[in-house]
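These notes concern the structure reproduced below.
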Amino acid sequence: MKLLYFAWLRQKIGVGEEAVEPPPEIADVRGLVEWLKGRGDGYAQAFRDLDSIKLAVNQEYAGLDHPIKAGDEVAFFPPVTGG
Amino acid sequence: MKLLYFAWLRQKIGVGEEAVEPPPEIADVRGLVEWLKGRGDGYAQAFRDLDSIKLAVNQEYAGLDHPIKAGDEVAFFPPVTGG
Amino acid sequence: MAIRVQREDFDVGRELDALSVGNRRVGGLCSFVGLVRDMNEVAGAKSGVEAMTLEHYPGMTEKQLEEIEAEAHRRWPLEASLIIHRYGRMEPGERIVLVATASPHREAAFEACHFLIDWLKTKAPFWKVEETDDGAARWVEARDSDDAAAARWAEKAGGSL
Amino acid sequence: MAIRVQREDFDVGRELDALSVGNRRVGGLCSFVGLVRDMNEVAGAKSGVEAMTLEHYPGMTEKQLEEIEAEAHRRWPLEASLIIHRYGRMEPGERIVLVATASPHREAAFEACHFLIDWLKTKAPFWKVEETDDGAARWVEARDSDDAAAARWAEKAGGSL
């Protein structure tokens, strides 16, 4: 599974992209986030306030309840500020 | 007094601009129009339906009741279609 | 603020660049270009448009455009604006008019630009005569939809013209 | 229909000309250019902006812009449209984004153009970090006013994205 982090999430976590293999019982984004928070302080800080974070699964906006599976691309980022 | 006609009014009347000296008792545009209608068929045709005509006195939009005096510039034209 | 009434075409890119160059307060630049279509604007006519000629009222045109532009600056926080309107004979595909607004704010730029073209359409003394491919020349009639578009802005704010 | 995500600047005049050239059905061409302002967008900050850097999500950005553009074509009768969005470091006065629409009808061109920039602002995955003259770098926060502007269009039509 490919994970991407943008803007201040990338800065807090320290990498913009990584490949992970979460345990098979993790079935949705919410479970993935909880698992990631256990990986270190940077993750815990980045995911402290989930209301301030947007996410995409396979490059489409999704919610925390979105199912995930091996091979997915999951991205986390703050609300967008382009234009 | 300088009179100007635009678009199909100009075509019906046959001139785009003329200098006139209406009798002194003519005090507003409505009186001027009545007087002009007596000057020939072209005028009568051009001014037949006053609802379809706009006018300006000294280059500002005005109504038929607008007062006029010697030296004024009065223009008659259909609703505008620029842009 | 600038208005121009001219026979010749204009360079949209150069005109738009000039509205923001050297002004670092401009965050948004909105523009509208009106072009001659080959579709007939005369009600019921089925023929194609070969060309149109725009007649105007020199003197009053400039006065009206300046008033419309000043009104836009009263209503919205604009850093710059521009109205260019051509007259004379034009063929399909040719540019007729450019209105453009520059503002710190996107919404102000959009609204002011939309306002400029809507009011220009009902207040600037221009008249179009169309030459159609059946050989006729017909004066284009004013459209109720243009009056309705202009009236929107009268309702929104207390500004007067 | 075209979208471009690029580091380099663009030529507004040339891009706009290309939208209507050879198409005699185009009666109106609306465009919006967003530029870097020197005013700070970070709430409460008093410092001037020296530069900003736009980061984006390659792949998803293009996908989102294409979806937004397709939605505009479903809602309005457009002959052509264009979205160009830059990324990377830019200084005040530089162009960030261009959206443009060409339609037979003025109102459609305006509404679709406004829609494109409003939806882009809340859906396209770009993030701005500002460098201010006090030496700090701060991530710009999303604004409620942008969400409100985008929501307007959701109410107006049944289109989904």
Side-chain angles (χ1 to χ4, degrees), chain A residues 1-20 28-30 32-33 36-37 41-83, chain D residues 5 32-37 41-43 52-68 83-88 90 95-99 114 116-130 137-147 149-150 160-161:
Chain A
M1 183 173 300
K2 182 177 172 183
L3 301 186
L4 297 168
Y5 311 107
F6 293 96
W8 56 258
L9 274 106
R10 176 176 45 72
Q11 292 186 316
K12 283 194 202 290
I13 289 168
V15 294
E17 184 177 333
E18 63 182 336
V20 297
D28 62 14
V29 178
R30 193 184 309 274
L32 175 66
V33 167
L36 286 169
K37 282 163 89 169
D41 274 359
Y43 291 94
Q45 271 193 31
F47 291 113
R48 195 169 42 189
D49 176 15
L50 293 181
D51 287 341
S52 66
I53 291 174
K54 303 280 183 185
L55 66 101
V57 176
N58 298 323
Q59 305 190 350
E60 294 287 354
Y61 285 103
L64 286 166
D65 296 328
H66 197 283
I68 53 168
K69 57 182 192 310
D72 279 348
E73 176 174 308
V74 184
F76 298 96
F77 43 79
V80 304
T81 56
Chain D
V5 182
F32 178 81
V33 178
L35 302 111
V36 183
R37 289 188 300 167
E41 293 193 42
V42 174
M52 65 165 51
T53 299
L54 265 155
E55 173 178 336
H56 79 114
Y57 180 175
M60 181 169 171
T61 305
E62 288 81 356
K63 215 165 166 173
Q64 286 294 318
L65 294 181
E66 279 164 7
E67 286 184 25
I68 293 167
I83 304 175
I84 303 178
H85 204 303
R86 294 175 65 197
Y87 60 89
M90 284 162 249
R95 283 175 281 268
I96 305 170
V97 62
L98 168 68
V99 297
H114 206 160
L116 284 180
I117 188 70
D118 281 351
W119 271 32
L120 182 158
K121 279 251 171 199
T122 59
K123 293 177 195 288
F126 286 92
W127 301 274
K128 281 184 190 130
V129 60
E130 287 182 350
R138 300 185 188 90
W139 291 97
V140 174
E141 279 182 52
R143 289 183 304 181
D144 292 342
S145 62
D146 286 333
D147 289 334
S160 64
L161 186 75

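No experiment lies behind these values; they were computed from the predicted model shown. Chain letters run A, B, ... following the sequence lines, proteins first and then strands; every chain starts at 1.
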(message) Could you report the tightest heavy-atom contact between A:A7 and D:W139, atom names first, then the distance?
(response)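 That would be CA-CH2, 3.3 Å.
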(request) Evaluate side-chain contact (heavy atoms from CB on, under 4.5 Å) for A:F77 paired with D:M60, printing each intermediate quantity in order. (result) CA-CA 12 Å; A:F77 43 79; D:M60 181 169 171; 4.3 Å; yes
Flag, side chain of [X] to backbone of [Y], donor-acceptor distance under 3.5 Å:
X: D:K128; Y: A:G83; result: yes
X: A:Y61; Y: D:K123; result: yes
X: A:T81; Y: D:E141; result: no

(request) Working to the nearest 0.5 Å, report the span between CZ of A:F6 and NE2 of D:H56. (result)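 Going from the CZ atom of A:F6 to the NE2 atom of D:H56 covers 8.5 Å.
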(request) With rounding to the nearest 0.5 Å, note down the distance linking CD in D:E55 to CZ in A:R10. (result)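 Rounded to the nearest 0.5 Å, the CD-CZ separation comes to 4.0 Å.
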Validation row: [X], [Y] side chains within 4.5 angstrom (heavy atoms):
X: D:K63; Y: A:E60; answer: yes
X: D:E62; Y: A:Q59; answer: no
X: D:W127; Y: A:P78; answer: yes

(message) Does A:D49 have more than 12 heavy atoms from other residues, nucleotides or ligands lying within 6.0 Å of its CG?
(response)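 Enclosed.
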